[in-house]
Amino acid sequence: MSTIVRDRGDRPLQGVTFKQILGDKPAAEIKRLAASHGAIVLDVPGHHGFAVKFAMSASDLVIVPCRSTLPDEAALAEKTWPYLRDQPRADLRVVIVPSMTHPQSRPETHAAYFRALLPDLFRVSAVPFPSRSVYEVYNRDGLCLAEYAEAVKGNQRARSQADRAIADIESLAKEILKHAAT
């Protein structure tokens, strides 16, 4: 996230504020931001226990991207699940987003895999986050996907990949909003 903040420079996205929160009192800064923003997204590394616990304690909705790999499943079992089990909150919604899936695979296969694996406390997104090479390159210089798509409009292949990625993100955003509302 800090790279995006740095690379965007002074090019704001309409309605979006990027803020790296560091220091001893992150909760106070989040509370200050919450007073003037409709939603706050905390992007924390999944392997860092304190950051995960803090984000879950400060959130209403936790989105956990998770690949069907042993390291990701172990991180979920060792970092996320113990906190949720030991600090139950009826108001907290946790959604697993199957990640880095093959773009041509069936979404319901990934969802079924995680539903069979996880306790009922976890919801599973019906929309996965697919693996696409465009996700590795679009944010150079802090570009968002729409800006990248515009920048490569003369390259039919790159533009097509960007358009598919934008559709991925739109579908996933609608799915997440559905979970946020229920």
Side-chain angles (χ1 to χ4, degrees), residues 1 4-5 8 12-21 26 30 33-34 36-48 51-69 72-73 75-76 79-81 83-84 87-132 134-136 138-139 142-149 161-182:
M1 183 60 96
I4 293 171
V5 172
R8 283 203 66 79
L13 281 174
Q14 186 177 358
V16 177
T17 302
F18 289 100
K19 175 85 172 160
Q20 186 175 12
I21 299 175
I30 291 169
L33 288 168
S36 60
H37 291 75
I40 296 177
V41 176
L42 301 175
D43 184 10
V44 300
H47 64 276
H48 191 287
V52 170
K53 289 177 185 178
F54 176 79
M56 286 191 288
S57 70
S59 300
D60 300 319
L61 175 65
V62 175
I63 301 162
V64 183
C66 191
R67 296 173 295 169
S68 55
T69 64
D72 276 23
E73 292 168 6
L76 192 60
K79 305 289 186 206
T80 307
W81 172 240
Y83 178 81
L84 294 171
Q87 307 288 326
R89 285 182 41 207
D91 64 325
L92 181 63
R93 293 171 311 277
V94 181
V95 180
I96 302 299
V97 176
S99 300
M100 304 308 287
T101 63
H102 191 283
Q104 295 176 347
S105 62
R106 295 169 40 131
E108 56 272 11
T109 302
H110 302 289
Y113 172 80
F114 281 105
R115 282 192 194 100
L117 181 71
L118 298 169
D120 290 338
L121 170 72
F122 292 93
R123 298 177 182 188
V124 179
S125 170
V127 178
F129 183 72
S131 175
R132 295 190 191 279
V134 67
Y135 292 124
E136 302 296 324
Y138 81 88
N139 63 355
L143 298 178
C144 71
L145 271 169
E147 292 166 331
Y148 175 78
Q161 290 173 350
D163 288 343
R164 284 195 302 269
I166 290 168
D168 293 340
I169 299 301
E170 288 291 330
S171 295
L172 189 53
K174 288 175 184 173
E175 174 74 1
I176 289 168
L177 287 172
K178 205 168 61 175
H179 285 283
T182 61

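Values below: all heavy atoms of this structure, side chains included; hydrogens, waters and symmetry mates excluded. In this text the structure is predicted, and so the values were computed from the model without any measurement.
Residues V124 and P98 have side chains in contact (heavy-atom distance under 4.5 Å, counting atoms from C-beta outward). Side-chain contact between R89 and V94 is absent, with no heavy-atom pair separated by less than 4.5 Å. Looking at S68 and E73, their side chains come closer than 4.5 Å, going by heavy atoms from C-beta outward. The shortest distance between side-chain heavy atoms of S57 and Y83 falls below 4.5 Å. By the 4.5 Å heavy-atom criterion applied to side chains, L92 and L84 are counted as neighbours.
Residue K174 holds its NZ atom at 11.0 Å from NZ of K178, rounded to the nearest 0.5 Å. Distance check, rounded to the nearest 0.5 Å: CZ of R132 to CE of M100 gives 11.0 Å. Atom CZ of F54 and atom CD1 of I30 lie 3.5 Å apart (nearest 0.5 Å). Between the SG atom of C66 and the CG atom of L118 there is a distance of 7.5 Å, given to the nearest 0.5 Å. To the nearest 0.5 Å, the span separating CG on D168 from CG on L145 amounts to 9.0 Å. The CG atom of L42 sits 11.0 Å away from atom CG of L61, with the distance rounded to the nearest 0.5 Å.
Formation of a donor-acceptor pair under 3.5 Å by the Y135 side chain with backbone atoms of A165 is found in this model. Of the possible polar contacts, none joining the S59 side chain to the M56 backbone as a donor-acceptor pair under 3.5 Å is found. Using modelled atom types, no side-chain atom of R93 and backbone atom of R123 make a donor-acceptor pair closer than 3.5 Å. Judged by distance alone, the side chain of E175 and the main-chain N or O of A126 form a donor-acceptor pair under 3.5 Å.
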Residues H110, S105; criterion side-chain hydrogen bond (donor to acceptor under 3.5 Å, both in side chains); working and verdict
CA-CA 8 Å; H110 302 289; S105 62; 2.7 Å; yes
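The aromatic rings of F122 and W81 sit tilted relative to each other, their planes meeting at an angle between 30° and 60°.
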